[in-house]
Amino acid sequence: MHTTDLLVIGGGINGAGIARDAAGRGLGVLLCEKDDLANHTSSASTKLIHGGLRYLEQYEFRLVREALREREVLLASAPHIIWPLRFVLPHEKSMRPAWLLRLGLFLYDHLGGRRELPGTGRVDLTAAPYGGVLKPEFTFGFEYSDCWVDDARLVVLNAQAAAELGADVRTRTACVGLAREGDGWLATLKQENGATFQVRARAVVNAAGPWVADVLALSAPTAQRHAVRLVKGSHVVVPKLFDGDHCYIFQNGDGRVVFAIPYEETFTLVGTTDLTYEGERNHIAIAPEEVDYICRAASEYFAKPLSADDVVWSYSGVRPLYDDNAESDSEVTREYVFDLQGKGAEAPLLSIFGGKITTYRRLAEQAIAKLAPWFPDAREPWTEQAPLPGGEGLAIDMGVFYEEQRAARPWIPPALLRRWVRLYGSCLGKMLGGAARLDDLGVHFGEGLYEREVSYLIETEFARSAEDVLWRRTKLGLRLDSQAVQHLEHWLRQRQAA
């Protein structure tokens, strides 16, 4: 029988963030995730750390302010996987007037106490690097700052940090039973091989995302619960559409926006959609009409039209939002909502609805604050100034760190070093494990993926399968051919059998 202070159900960004926060306060933590970390919603975002400019029109000022304040906190904690990005907003005469855009951007600049990121400016879209990219009628626009994030790695690094602080992180482990027993909870967890074991916990956090209602049903099958509104968002990846390290944000005729973001050096990420979703939640795929929507919206702005034939990869996920009865999916609040059950000596169950990846750290702080009456000896909040693994000692400008690594490790090809610096930051030496030449890295699977890196991902970052490695720990699935993938899968099977 396992015993712990806190059982966290769900290995997305909220669950991993809460596990890290709680472990750092001295609590015993067990995190269980039925699949891989960030297997679902948390790896299917638009990959932005942002305040949500369009939420100002919905008067979500508290949400925007909190998110804007968190941008630079997160940027400082992990500048290897989060970095500043300039957003270019072309002025579309038939939509929001220029004065309204300037007003919104003024608020955006000042709501969150911006310190490091540059402010708003006006841009000439006929000049380099913008000239010729957009249709000729778009002659000027505005630019502002937000940040890009490797969303899946953000989840993994939080789980890694939790484990380093003593948390027990169990992937491929589903919660299949949950019942109050005495002054605690008795949970039944089921592993990938079908074996089950039980855990006693003083408190439970239900951060199961799209499955939050399912976990609630385990604990109290007949109780009335908050409604979850599943909103599907899809993205496409196409060959690189423009030069420069900026991205575009396009106003769409339906009131939504579409982003076009530089992705993995030679691609552009375009999205997203907002659609009510009621289908199967484990394997979500983009629909043809979503591809058409994204391509049509982008083609309203780009000089070269985008079509379904350009798409090299797509991904979809569902956002488990708190259902506030909004008329349209894009207007459903992105605020997070807590449902706390348990009073006095009764063991608590805290369920989480909604939220944005940008505000996960504050959500985690507030979740632990909700549980404070049951854990009076827990230490004070600590994550605001704490780096994530790989972020230790790094400046926001990662160029200096890259040059230091080039000088220290001249045997690493520049393109490979750039990838590793961005993935591992100051954990690069730990990942390399003392290697001093490429031959020390073991089997080469292709595209710069070596045995040493895969072993590190298994031993430190909870990777188990080729998909874990190629799509959530790295994005090399975009580049490796089927033969290389099969080679990696064979190697993993041999390692697991050894």
Side-chain angles (χ1 to χ4, degrees), residues 1-12 14-34 158-159 161-163 165-171 173-191 195-209 211-226 228 320 322 336-353 355 360 362-383:
M1 175 76 68
H2 293 67
T3 61
T4 191
D5 292 321
L6 184 64
L7 171 64
V8 180
I9 302 171
N14 291 336
I18 290 169
R20 174 197 178 216
D21 189 305
R25 296 181 194 233
L27 301 182
V29 177
L30 190 152
L31 168 69
C32 69
E33 160 57 45
K34 72 183 187 66
N158 272 272
L165 291 164
D168 186 356
V169 178
R170 304 286 188 104
T171 62
T173 303
C175 181
V176 296
L178 188 62
R180 279 194 174 90
E181 185 176 86
D183 60 354
W185 287 95
L186 182 65
T188 302
L189 306 185
K190 184 176 182 180
Q191 298 172 306
T196 62
F197 64 97
Q198 290 189 313
V199 175
R200 292 189 190 278
R202 294 168 60 190
V204 175
V205 168
N206 173 12
W211 292 269
V212 63
D214 300 60
V215 173
L216 276 169
L218 288 176
S219 66
T222 61
Q224 181 69 31
R225 299 294 176 227
H226 294 305
V228 183
Y322 179 76
Y336 47 84
V337 175
F338 294 120
D339 174 27
L340 178 61
Q341 299 175 29
K343 295 180 179 179
E346 189 178 41
L349 169 63
L350 181 64
S351 297
I352 298 165
F353 297 79
Y360 87 90
R362 283 287 293 144
L363 181 152
E365 277 190 345
Q366 293 179 36
I368 302 304
K370 292 281 187 183
L371 299 174
W374 289 271
F375 299 109
D377 296 329
R379 294 194 283 268
E380 294 298 310
W382 64 279
T383 58

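Since this is a predicted model, take the numbers as computed values, not measurements.
Rounding to the nearest 0.5 Å gives a distance of 7.5 Å between CD of Glu346 and CH2 of Trp185. Note that the CG atom of Leu350 and the CD atom of Gln341 stand 9.5 Å from one another [nearest 0.5 Å]. A distance of 11.0 Å separates CG in Asn14 from CG in Asn206, rounded to the nearest 0.5 Å. Remark: Arg202 CZ to Leu6 CG distance equals 10.0 Å, nearest 0.5 Å. With rounding to the nearest 0.5 Å, the separation of CD1 in Ile352 from CG in Leu363 is 5.0 Å. Distance CD/Gln191 to SG/Cys32: 11.0 Å, rounded to 0.5 Å.
Looking only at side-chain heavy atoms (C-beta outward), Leu216 and Asp339 come within less than 4.5 Å of each other. Inter-residue side-chain proximity for Thr4 and His2 is flagged as unmet; no heavy-atom pair is nearer than 4.5 Å. Counting heavy atoms from C-beta on, the side chains of Leu189 and Leu30 come closer than 4.5 Å. Phe375 is not listed as a side-chain neighbour of Arg25, based on a closest heavy-atom distance of 4.5 Å or more. Taking 4.5 Å as the limit, some side-chain heavy atom of Pro348 sits within range of a side-chain heavy atom of Leu340. Taking the side chain as every heavy atom from C-beta outward, Val204 and Leu178 approach each other to under 4.5 Å. Residues Thr173 and Phe197 meet the side-chain proximity criterion, which asks for heavy atoms closer than 4.5 Å.
Using a 4.0 Å cut-off between charged nitrogen and carboxylate oxygen, Arg362 and Glu365 count as a salt-bridge pair.
Between Leu31 and Gly10, the shortest heavy-atom distance links the atoms CD1-O, 3.1 Å. In terms of heavy atoms, Leu218 sits closest to Cys175 at CD1-O, 3.5 Å. Residues Tyr360 and Asn158 approach most closely at OH-ND2, 3.0 Å, considering heavy atoms. Minimum heavy-atom separation, Ala367 to Ile18: CB-CD1, 3.8 Å. Among all heavy-atom pairs drawn from Leu349 and Ser219, the shortest one is CD2-OG, 3.4 Å. Taking all atoms of both residues into account, the shortest heavy-atom contact from Arg20 to Trp382 is O-CZ2, 3.2 Å.
Taking a 6.0 Å sphere around CG of Asp183, one finds it holds 12 or fewer heavy atoms contributed by other residues, nucleotides or ligands.
Thr171 places no side-chain N or O within 3.5 Å of a backbone atom of Glu33 that could act as its donor or acceptor partner.
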